[in-house]
Number of protein chains: 2
Amino acid sequence: MDTSQLLKGVLDLAVLAVLDRGDGYGYEVVRGLRAAGLNEVGDASVYGTLRRLYNAGLLTSYVVPSDEGPHRKYYSMNAPGKARLRETSEQWLAFAKTMESLVKVA
Amino acid sequence: MDTSQLLKGVLDLAVLAVLDRGDGYGYEVVRGLRAAGLNEVGDASVYGTLRRLYNAGLLTSYVVPSDEGPHRKYYSMNAPGKARLRETSEQWLAFAKTMESLVKVA
DNA sequence: TTGTAGTACCGCGCAATGCGTAGTACTGTG
DNA sequence: CACAGTACTACGCATTGCGCGGTACTACAA
(Lines give C-alpha, C1' and ligand atoms only; values in the text may rest on other atoms or scores of the structure.)
Protein backbone atom coordinates (compact mmCIF):
# COMPACT_ATOMS: atom_id res chain seq x y z
CA MET A 1 0.00 0.00 0.00
CA ASP A 2 2.22 2.64 1.34
CA THR A 3 5.52 2.39 -0.40
CA SER A 4 5.69 6.15 -0.20
CA GLN A 5 7.68 6.27 3.01
CA LEU A 6 10.38 4.14 1.47
CA LEU A 7 11.22 6.93 -0.93
CA LYS A 8 12.08 9.30 1.89
CA GLY A 9 15.63 10.41 1.47
CA VAL A 10 16.08 8.20 -1.56
CA LEU A 11 14.24 10.20 -4.16
CA ASP A 12 17.16 12.61 -4.32
CA LEU A 13 19.41 9.73 -5.18
CA ALA A 14 17.01 8.32 -7.73
CA VAL A 15 16.64 11.63 -9.49
CA LEU A 16 20.38 12.23 -9.53
CA ALA A 17 20.89 8.76 -10.95
CA VAL A 18 18.46 9.43 -13.77
CA LEU A 19 20.00 12.80 -14.59
CA ASP A 20 23.45 11.24 -14.62
CA ARG A 21 22.47 9.51 -17.83
CA GLY A 22 21.95 12.88 -19.44
CA ASP A 23 20.11 16.16 -19.10
CA GLY A 24 16.41 15.88 -18.58
CA TYR A 25 13.30 17.84 -17.75
CA GLY A 26 10.81 17.12 -15.00
CA TYR A 27 8.21 15.21 -16.84
CA GLU A 28 10.87 13.09 -18.48
CA VAL A 29 12.48 12.26 -15.15
CA VAL A 30 9.12 11.22 -13.79
CA ARG A 31 8.67 8.82 -16.68
CA GLY A 32 12.22 7.57 -16.23
CA LEU A 33 11.61 6.77 -12.58
CA ARG A 34 8.35 5.03 -13.28
CA ALA A 35 9.90 3.04 -16.08
CA ALA A 36 12.64 1.97 -13.69
CA GLY A 37 10.04 0.47 -11.37
CA LEU A 38 9.20 3.37 -9.10
CA ASN A 39 5.60 3.28 -10.26
CA GLU A 40 4.12 5.28 -7.46
CA VAL A 41 6.23 8.38 -7.60
CA GLY A 42 4.08 11.48 -7.52
CA ASP A 43 5.03 14.06 -10.10
CA ALA A 44 4.86 16.85 -7.54
CA SER A 45 7.51 15.02 -5.53
CA VAL A 46 9.88 14.94 -8.46
CA TYR A 47 9.41 18.59 -9.38
CA GLY A 48 9.96 19.48 -5.75
CA THR A 49 13.07 17.37 -5.57
CA LEU A 50 14.49 18.91 -8.73
CA ARG A 51 13.98 22.37 -7.30
CA ARG A 52 15.56 21.36 -4.03
CA LEU A 53 18.60 19.89 -5.74
CA TYR A 54 18.86 22.97 -7.91
CA ASN A 55 18.68 25.28 -4.91
CA ALA A 56 21.36 23.19 -3.25
CA GLY A 57 23.64 23.91 -6.19
CA LEU A 58 23.78 20.33 -7.42
CA LEU A 59 22.07 20.98 -10.73
CA THR A 60 22.07 23.65 -13.39
CA SER A 61 19.01 24.47 -15.40
CA TYR A 62 17.96 25.93 -18.72
CA VAL A 63 14.63 26.38 -20.40
CA VAL A 64 13.94 25.11 -23.88
CA PRO A 65 10.80 26.13 -25.72
CA SER A 66 8.98 23.33 -27.42
CA ASP A 67 6.66 23.61 -30.37
CA GLU A 68 4.90 20.46 -29.37
CA GLY A 69 3.70 21.64 -25.99
CA PRO A 70 4.73 23.88 -23.15
CA HIS A 71 8.32 24.86 -22.50
CA ARG A 72 10.67 22.36 -20.92
CA LYS A 73 12.91 23.15 -18.00
CA TYR A 74 15.98 21.03 -18.41
CA TYR A 75 18.20 20.12 -15.51
CA SER A 76 21.82 19.14 -15.80
CA MET A 77 24.28 17.62 -13.35
CA ASN A 78 27.33 19.64 -12.37
CA ALA A 79 30.44 18.65 -10.45
CA PRO A 80 28.92 18.96 -6.96
CA GLY A 81 25.94 17.00 -8.19
CA LYS A 82 28.11 14.17 -9.43
CA ALA A 83 30.02 14.16 -6.19
CA ARG A 84 26.79 14.00 -4.24
CA LEU A 85 25.55 11.17 -6.42
CA ARG A 86 28.65 9.15 -5.64
CA GLU A 87 28.45 9.76 -1.91
CA THR A 88 24.76 9.12 -1.66
CA SER A 89 24.79 5.96 -3.70
CA GLU A 90 27.60 4.50 -1.64
CA GLN A 91 25.74 5.42 1.50
CA TRP A 92 22.63 3.82 0.17
CA LEU A 93 24.27 0.62 -0.98
CA ALA A 94 25.82 0.18 2.45
CA PHE A 95 22.52 0.88 4.13
CA ALA A 96 20.69 -1.54 1.86
CA LYS A 97 23.22 -4.24 2.62
CA THR A 98 22.74 -3.73 6.34
CA MET A 99 18.99 -3.91 6.00
CA GLU A 100 19.16 -7.01 3.89
CA SER A 101 21.23 -8.83 6.45
CA LEU A 102 18.75 -7.82 9.11
CA VAL A 103 15.77 -8.97 7.12
CA LYS A 104 17.18 -12.14 5.71
CA VAL A 105 17.75 -13.78 9.06
CA ALA A 106 14.02 -14.14 9.35
CA MET B 1 26.11 12.76 7.11
CA ASP B 2 22.42 12.51 7.20
CA THR B 3 21.54 8.88 7.01
CA SER B 4 18.49 9.67 9.09
CA GLN B 5 16.16 10.13 6.15
CA LEU B 6 17.03 6.69 4.85
CA LEU B 7 15.39 5.13 7.87
CA LYS B 8 12.03 6.65 7.02
CA GLY B 9 9.56 3.85 6.59
CA VAL B 10 12.23 1.25 7.17
CA LEU B 11 12.62 1.48 10.90
CA ASP B 12 9.35 -0.39 11.35
CA LEU B 13 10.76 -3.21 9.30
CA ALA B 14 14.07 -3.19 11.13
CA VAL B 15 12.38 -3.33 14.51
CA LEU B 16 10.05 -6.10 13.43
CA ALA B 17 13.00 -8.05 12.08
CA VAL B 18 14.82 -7.78 15.39
CA LEU B 19 11.77 -8.80 17.40
CA ASP B 20 11.23 -11.74 15.12
CA ARG B 21 14.30 -13.32 16.65
CA GLY B 22 12.62 -13.26 20.04
CA ASP B 23 10.90 -11.00 22.52
CA GLY B 24 12.79 -7.89 23.45
CA TYR B 25 12.55 -4.61 25.31
CA GLY B 26 13.27 -1.16 23.94
CA TYR B 27 16.81 -0.66 25.10
CA GLU B 28 17.71 -4.11 23.86
CA VAL B 29 16.23 -3.48 20.43
CA VAL B 30 18.22 -0.26 20.18
CA ARG B 31 21.41 -2.16 20.89
CA GLY B 32 20.39 -4.83 18.40
CA LEU B 33 19.90 -2.31 15.65
CA ARG B 34 23.15 -0.55 16.36
CA ALA B 35 25.00 -3.85 16.45
CA ALA B 36 23.50 -4.70 13.08
CA GLY B 37 25.04 -1.58 11.61
CA LEU B 38 22.36 1.03 12.16
CA ASN B 39 24.67 3.04 14.34
CA GLU B 40 22.79 6.28 14.21
CA VAL B 41 19.38 5.17 15.37
CA GLY B 42 18.07 7.45 18.06
CA ASP B 43 16.59 5.66 21.03
CA ALA B 44 13.54 7.89 21.02
CA SER B 45 12.84 6.75 17.47
CA VAL B 46 12.86 3.13 18.51
CA TYR B 47 10.64 3.63 21.53
CA GLY B 48 8.27 5.61 19.34
CA THR B 49 8.25 2.90 16.71
CA LEU B 50 7.58 0.18 19.27
CA ARG B 51 4.65 2.13 20.60
CA ARG B 52 3.33 2.73 17.10
CA LEU B 53 3.58 -0.93 16.19
CA TYR B 54 1.93 -1.86 19.46
CA ASN B 55 -0.93 0.57 18.87
CA ALA B 56 -1.32 -0.87 15.40
CA GLY B 57 -1.88 -4.28 16.97
CA LEU B 58 1.27 -5.84 15.58
CA LEU B 59 2.92 -6.44 18.94
CA THR B 60 1.93 -7.53 22.38
CA SER B 61 3.63 -6.27 25.48
CA TYR B 62 4.36 -7.20 29.07
CA VAL B 63 6.39 -5.59 31.82
CA VAL B 64 9.08 -7.44 33.72
CA PRO B 65 10.60 -5.92 36.85
CA SER B 66 14.36 -6.11 37.06
CA ASP B 67 16.42 -6.07 40.23
CA GLU B 68 19.39 -4.75 38.33
CA GLY B 69 17.78 -1.55 37.16
CA PRO B 70 14.44 -0.17 36.06
CA HIS B 71 11.61 -2.32 34.78
CA ARG B 72 11.68 -3.66 31.27
CA LYS B 73 8.80 -3.43 28.86
CA TYR B 74 9.00 -6.45 26.63
CA TYR B 75 7.42 -6.57 23.20
CA SER B 76 6.46 -9.71 21.40
CA MET B 77 5.41 -10.40 17.81
CA ASN B 78 1.92 -11.72 17.18
CA ALA B 79 0.35 -13.11 14.01
CA PRO B 80 -0.47 -9.76 12.41
CA GLY B 81 3.05 -8.61 13.24
CA LYS B 82 4.58 -11.59 11.49
CA ALA B 83 2.34 -11.06 8.51
CA ARG B 84 3.36 -7.43 8.35
CA LEU B 85 7.01 -8.38 8.60
CA ARG B 86 6.67 -10.67 5.62
CA GLU B 87 4.85 -8.11 3.50
CA THR B 88 7.13 -5.26 4.39
CA SER B 89 10.33 -7.15 3.86
CA GLU B 90 9.22 -8.33 0.44
CA GLN B 91 8.24 -4.80 -0.41
CA TRP B 92 11.57 -3.56 0.73
CA LEU B 93 13.64 -6.14 -1.08
CA ALA B 94 11.84 -5.32 -4.32
CA PHE B 95 12.34 -1.64 -3.73
CA ALA B 96 16.02 -2.10 -2.95
CA LYS B 97 16.50 -4.11 -6.12
CA THR B 98 14.90 -1.37 -8.17
CA MET B 99 17.08 1.27 -6.58
CA GLU B 100 20.19 -0.78 -7.09
CA SER B 101 19.53 -1.16 -10.78
CA LEU B 102 18.97 2.57 -11.02
CA VAL B 103 22.15 3.43 -9.20
CA LYS B 104 24.41 0.85 -10.72
CA VAL B 105 24.03 2.13 -14.25
CA ALA B 106 26.16 5.08 -13.26
C1' DT C 1 26.25 12.14 51.32
C1' DT C 2 27.04 13.61 46.71
C1' DG C 3 28.23 12.63 42.17
C1' DT C 4 28.63 9.95 38.09
C1' DA C 5 27.60 6.32 34.96
C1' DG C 6 24.75 2.80 33.05
C1' DT C 7 20.16 1.04 32.31
C1' DA C 8 15.32 1.86 30.82
C1' DC C 9 11.56 4.55 29.50
C1' DC C 10 8.58 8.66 28.11
C1' DG C 11 6.88 13.26 26.13
C1' DC C 12 7.29 17.43 23.47
C1' DG C 13 8.07 19.88 19.52
C1' DC C 14 10.78 20.33 15.30
C1' DA C 15 12.27 19.42 10.53
C1' DA C 16 12.40 17.00 6.36
C1' DT C 17 9.96 15.40 2.61
C1' DG C 18 6.65 12.80 -0.37
C1' DC C 19 1.91 13.44 -1.74
C1' DG C 20 -2.86 15.12 -2.97
C1' DT C 21 -5.18 18.65 -5.02
C1' DA C 22 -5.76 22.33 -7.82
C1' DG C 23 -4.40 25.58 -11.13
C1' DT C 24 -1.96 27.51 -15.42
C1' DA C 25 -0.73 26.97 -20.16
C1' DC C 26 0.28 25.03 -24.55
C1' DT C 27 -0.63 21.52 -28.62
C1' DG C 28 -3.24 18.41 -31.29
C1' DT C 29 -7.44 15.65 -32.28
C1' DG C 30 -12.24 14.47 -32.53
C1' DC D 1 -15.37 23.66 -28.66
C1' DA D 2 -14.20 19.95 -25.50
C1' DC D 3 -10.85 16.96 -24.05
C1' DA D 4 -6.63 14.54 -23.45
C1' DG D 5 -1.68 14.77 -23.14
C1' DT D 6 2.33 17.46 -21.97
C1' DA D 7 4.82 20.42 -18.62
C1' DC D 8 5.26 23.01 -14.67
C1' DT D 9 3.96 25.38 -10.12
C1' DA D 10 1.93 26.40 -5.41
C1' DC D 11 -0.28 25.22 -1.06
C1' DG D 12 -0.94 22.60 2.77
C1' DC D 13 -1.07 18.03 5.04
C1' DA D 14 0.67 13.65 7.16
C1' DT D 15 4.24 10.76 8.47
C1' DT D 16 8.10 9.92 11.05
C1' DG D 17 12.91 10.10 12.82
C1' DC D 18 15.39 12.98 16.00
C1' DG D 19 17.08 16.20 19.68
C1' DC D 20 16.42 17.47 24.17
C1' DG D 21 14.99 17.04 28.55
C1' DG D 22 12.98 14.54 32.34
C1' DT D 23 12.04 10.38 35.49
C1' DA D 24 13.65 6.44 37.97
C1' DC D 25 16.40 2.74 39.52
C1' DT D 26 21.15 0.39 40.64
C1' DA D 27 25.96 0.45 41.69
C1' DC D 28 30.21 2.34 42.65
C1' DA D 29 33.49 6.06 43.77
C1' DA D 30 35.11 10.23 46.24
Side-chain angles (χ1 to χ4, degrees), chain A residues 1-16 23-35 38-56 58-59 61-75 88 91-92 95 99, chain B residues 1-16 23-35 38-56 58-59 61-75 88 91-92 95 99:
Chain A
M1 310 271 157
D2 201 11
T3 349
S4 77
Q5 292 299 318
L6 292 182
L7 274 179
K8 290 271 181 187
V10 182
L11 189 53
D12 282 26
L13 171 56
V15 168
L16 286 175
D23 295 11
Y25 56 96
Y27 210 73
E28 194 183 16
V29 174
V30 172
R31 280 195 303 250
L33 292 173
R34 296 215 232 254
L38 268 28
N39 303 304
E40 312 168 18
V41 191
D43 57 326
S45 309
V46 176
Y47 286 115
T49 300
L50 284 169
R51 243 170 300 155
R52 220 183 307 126
L53 294 173
Y54 174 77
N55 289 332
L58 304 174
L59 299 177
S61 156
Y62 52 98
V63 173
V64 175
S66 161
D67 40 313
E68 305 191 354
H71 69 282
R72 291 166 175 175
K73 193 170 192 175
Y74 277 82
Y75 290 93
T88 317
Q91 239 178 51
W92 193 82
F95 177 76
M99 282 303 299
Chain B
M1 317 273 147
D2 198 10
T3 350
S4 78
Q5 292 299 317
L6 292 182
L7 274 178
K8 290 272 179 184
V10 182
L11 188 53
D12 282 27
L13 172 57
V15 167
L16 286 174
D23 295 9
Y25 56 96
Y27 210 74
E28 195 182 16
V29 173
V30 172
R31 279 195 304 250
L33 293 173
R34 296 215 232 252
L38 269 28
N39 303 306
E40 312 167 18
V41 190
D43 59 324
S45 309
V46 176
Y47 287 116
T49 300
L50 285 169
R51 244 171 296 148
R52 220 183 308 128
L53 293 173
Y54 175 78
N55 288 332
L58 304 174
L59 300 177
S61 156
Y62 51 99
V63 172
V64 175
S66 161
D67 40 314
E68 304 190 357
H71 70 282
R72 292 167 175 174
K73 193 170 192 174
Y74 277 82
Y75 290 94
T88 316
Q91 239 177 51
W92 193 82
F95 177 76
M99 281 303 299

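Chain A is the first sequence line, chain B the second, and so forth, proteins listed ahead of strands; every chain is numbered from 1. Keep in mind it's a predicted model, so treat the numbers as computed, not measured.
Between the P atom of dT7(C) and the CZ atom of Arg72(B) lies a distance of 10 Å, rounded to the nearest Å. For the pair Asn39(B) CG and dG17(D) P, the interatomic distance rounds to 17 Å; values are reported in whole Å. Atom NE2 in His71(A) sits about 13 Å away from atom P in dT27(C), given to the nearest Å. Separating the CG atom of Leu50(B) from the C1' atom of dA8(C) is a distance of 12 Å, rounded to the nearest angstrom. Atom P of nucleotide dG18(C) and atom CE of Met99(B) are separated by 11 Å, given to the nearest angstrom. As a whole-Å value, the separation of Asp43(B) CG from dC12(C) P is 17 Å. Atom CG in Asn55(B) sits about 15 Å away from atom C1' in dT15(D), given to the nearest Å. When rounded to the nearest whole Å, the span between CD of Gln5(B) and P of dT17(C) equals 5 Å.
Atom CG in Leu58(B) sits 8.5 Å away from atom OG1 in Thr88(B) (nearest 0.5 Å).
In this model, the phosphate group of dA10(D) is approached by a side-chain N or O of Arg51(A) to a distance below 4.0 Å at OP1 or OP2. Between Arg31(A) and dA7(D), a side-chain N or O to OP1/OP2 separation shorter than 4.0 Å is present. Residue Arg52(A) places at least one side-chain N or O closer than 4.0 Å to OP1 or OP2 of dG18(C). A sub-4.0 Å separation between OP1 or OP2 of dC10(C) and a side-chain N or O of Tyr47(B) is absent. Close to dG17(D), at under 4.0 Å from its OP1 or OP2, lies a side-chain N or O of Thr49(B).
Nucleic acid contact for Gly48(A): none, since no nucleic acid atom lies under 4.0 Å from a heavy atom of the residue. Within 4.0 Å of Lys8(B), counting heavy atoms only, lies at least one base atom of the nucleic acid.
Applying the salt bridge (Lys or Arg N to Asp or Glu O under 4.0 Å) rule to pairs touching residues 23-32 of chain A yields nothing, sequence neighbours excluded.
Nearest nucleotide to the Pro70(B) side chain, out of dG11(C), dA7(D), dA24(D): dA24(D). For Lys73(A), the listed nucleotide lying nearest its side chain is dT9(D); candidates were dG18(C), dT9(D), dG17(D). Closest to the side chain of Ser45(B), out of dG17(D), dC9(C), dT6(D), is dG17(D). Listed candidates were dC19(C), dA8(C), dC20(D). Nearest to the side chain of Ala44(B) is dC20(D). Taking every side-chain heavy atom of Tyr25(A) into account, dC8(D) is the closest of dG17(D), dC8(D), dA8(C).
Using a distance-only test at 3.5 Å, with no hydrogens or angles considered, no donor-acceptor pair links the side chain of Arg72(A) to the main chain of Ser66(A). Put simply, the side chain of Thr49(B) gets close to the backbone of Ser45(B): a donor and an acceptor are under 3.5 Å apart.
The aromatic rings of Tyr25(A) and Tyr74(A) stand perpendicular to each other, their planes meeting at an angle above 60°, with 30° marking the opposite boundary.
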